[in-house]
Amino acid sequence: MPELPEVETIARDLRDKIIGQKVKNIDVYDARVVRQPVEEFTRALKGRRLNSIARRGKALVIELDNRHYFVVQLMMTGQLIDSPRPRQDKLTKVSFRLSSGRYLHYNDQRLFGRLQTVDDLKRIPYFQKLGPEPLKGQFSVPWLVEKLRGKKVPIKALLMDHTFVAGIGNIYASEILFQSRINPKRPAHRLNEEEIETLHAATRKVLAEAIRWRGTSMNNYRDANGEKGGFMGRIKVYGRENQGCSRCKTVLTKILQRGRSTFYCPTCQR
DNA sequence: AGGTCGACCTGGCAGC
DNA sequence: TGCTGCCAGGTCGACC
């Protein structure tokens, strides 16, 4: 999926395009992405004004004028695309016609995405368990030191655990650890305080930089304008196995951790 | 409780 | 060309 930087980019782009608009009509082309009865979903949205849009973790939260919420989780291949035209793409699974006359299309190749409305975000288990935002104050060095204590899992797995910290997925976990010079296999509780400080700084730096570049497009990610992100050229390790490390020229390695690919430099990540 | 693994889906691509 | 098997950025429930 789009990870934190990609979802943040979409949220910022959509702010100008959809906030203040009313939902005039909804077409559901594949009900599998709607995580409630379709009738209920369309009834909850039709005629409502979209008051605000925010990102929490990798989820988009759109507040409606009745204080209910429209929540979109793009998962692996979801896209929210602003368009002047009705559905053209067979990947479009839900279309919203807005009062501006424009459309918001929800596209999804793998159908893992989730669209739903709720009166209270606490009803969604994802939000109940979600850890702190890595770019906010709660994600601090002392907090991290405390949280790593006793955690035997590899640090890569912990970074990707959204109940630990929100929004970091497979691409940025590898990139953050490369920036930190920390080996992804290291048990989390074995990091010393200096390494934890480095990890903290690297997490913020990599995510902030990726937002500045409007995210990373490996395959499916597109922003709200249907454009690819600009961070690909800045990716140091993800998807670059058998290429030379940008720091020390060692050949980068790909390993499997919990069934997911991890990319790192075996020389300068210790 | 802490940690791991498959299931959920479709499509692109490498290899034969 | 056409098949098979593998891989893909996330999340969750089942299991040990």
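So that the names make sense, note that chain A is the first sequence line, chain B the second, and so on, each numbered from 1. Since this is a predicted model, take the numbers as computed values, not measurements.
Between the CZ atom of Arg35(A) and the C1' atom of dC12(C) there is a distance of 11 Å, rounded to whole Å. Between the P atom of dA14(B) and the CG atom of Asn219(A) lies a distance of 12 Å, rounded to the nearest Å. Between the CG atom of Leu74(A) and the C1' atom of dC9(B) there is a distance of 16 Å, rounded to whole Å. Between the OH atom of Tyr106(A) and the P atom of dT10(B) there is a distance of 14 Å, given to the nearest Å. Between the P atom of dA7(B) and the CZ atom of Arg260(A) lies a distance of 16 Å, rounded to the nearest Å. Rounded to a whole Å, the CD1 atom of Ile171(A) is 11 Å from the P atom of dA8(C). At whole-Å resolution of the value, CE in Met160(A) and P in dG9(C) are 7 Å apart. Atom CG of Leu111(A) and atom P of dG10(C) are 17 Å apart (whole Å).
Residue contacts for Gly259(A): at a heavy-atom cut-off of 4.0 Å it reaches no nucleic acid atom on any strand shown. At a threshold of 4.0 angstrom between heavy atoms, the contacts of Asn220(A) include nucleobase atoms, whether or not backbone atoms are also involved. Here Thr216(A) lies in heavy-atom contact (under 4.0 Å) with a base.
When each of Arg48(A), Arg49(A), Lys22(A) is tested with Asp65(A) by the rule side-chain hydrogen bond (donor to acceptor under 3.5 Å, both in side chains), just one qualifies, namely Arg48(A).
The partner of dC9(B), taking Watson-Crick or G-U wobble pairs whose two distances both stay under 3.5 Å, does not exist in any strand shown. The nucleotide dA1(B) finds no pairing partner, because no Watson-Crick or G-U wobble arrangement with both distances shorter than 3.5 Å includes it.
Remark: the Glu6(A) side chain and the Tyr172(A) side chain contain an N/O donor-acceptor pair separated by less than 3.5 Å.
Between dG10(C) and Arg114(A), no contact under 4.0 Å exists linking OP1 or OP2 to a side-chain N or O. Thr77(A) has no side-chain polar atom (N or O) that falls below the 4.0 Å cut-off from OP1 or OP2 of dA8(C). In this structure, Tyr172(A) does not reach the dG9(C) phosphate: none of its side-chain N or O atoms is under 4.0 Å from OP1 or OP2. Phosphate contact (OP1/OP2 of dT10(B), side-chain N/O of Arg32(A), threshold under 4.0 Å): present.
In this structure, Tyr221(A) does not pack face-to-face on the six-membered ring of dG9(C), missing the 5.5 Å centre cutoff or the 30° plane limit.
Nucleotides dT11(C) and dA1(B) have their P atoms positioned 23 Å apart, rounded to a whole Å. On the P atoms, dG11(B) is 24 Å away from dC12(C), given to the nearest whole Å. Distance noted for atom C1' between dG10(C) and dC13(B): 22 Å (whole Å).
Relative ring orientation between Phe41(A) and Phe70(A) is described as perpendicular, the plane-to-plane angle rising above 60° on a 0-90° scale split at 30° and 60°.
Between Glu195(A) and Arg186(A), at least one side-chain N (NZ, or NE/NH1/NH2) sits under 4.0 Å from a carboxylate O, which counts as a salt bridge. Look at Asp119(A) and Arg123(A) and you find a salt bridge, because one of the NZ, NE, NH1 or NH2 atoms lies within 4.0 Å of a carboxylate O, short of that distance. The residues Asp223(A) and Arg214(A) are annotated as salt-bridged, a charged nitrogen and a carboxylate oxygen being separated by less than 4.0 angstrom.
Between Lys129(A) and Phe112(A), the residue anchored closer to the 5' end of DNA chain C is Phe112(A), taking for each the nucleotide with the nearest heavy atom.
Closest of all the heavy-atom pairs between Gln36(A) and Gln116(A) is OE1-CA, 3.1 Å.
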Would you be so kind as to tabulate the donor-acceptor pairs closer than 3.5 Å made by side chains of residues 146-156 of chain A, with sequence neighbours excluded?
| from | atom 1 | to | atom 2 | distance (Å) |
| --- | --- | --- | --- | --- |
| Glu146(A) | OE1 | Arg149(A) | NH1 | 3.0 |
| Lys156(A) | NZ | Asn170(A) | OD1 | 2.7 |
| Lys156(A) | NZ | Thr262(A) | OG1 | 2.9 |

With 3.5 Å as the limit, what N/O pairs link the protein to nucleotides 2-4 of chain B?
| from | atom 1 | to | atom 2 | distance (Å) |
| --- | --- | --- | --- | --- |
| dG3(B) | OP1 | Lys152(A) | N | 3.0 |
| dT4(B) | OP2 | Arg258(A) | NE | 2.9 |
| dT4(B) | OP2 | Arg258(A) | NH2 | 2.8 |

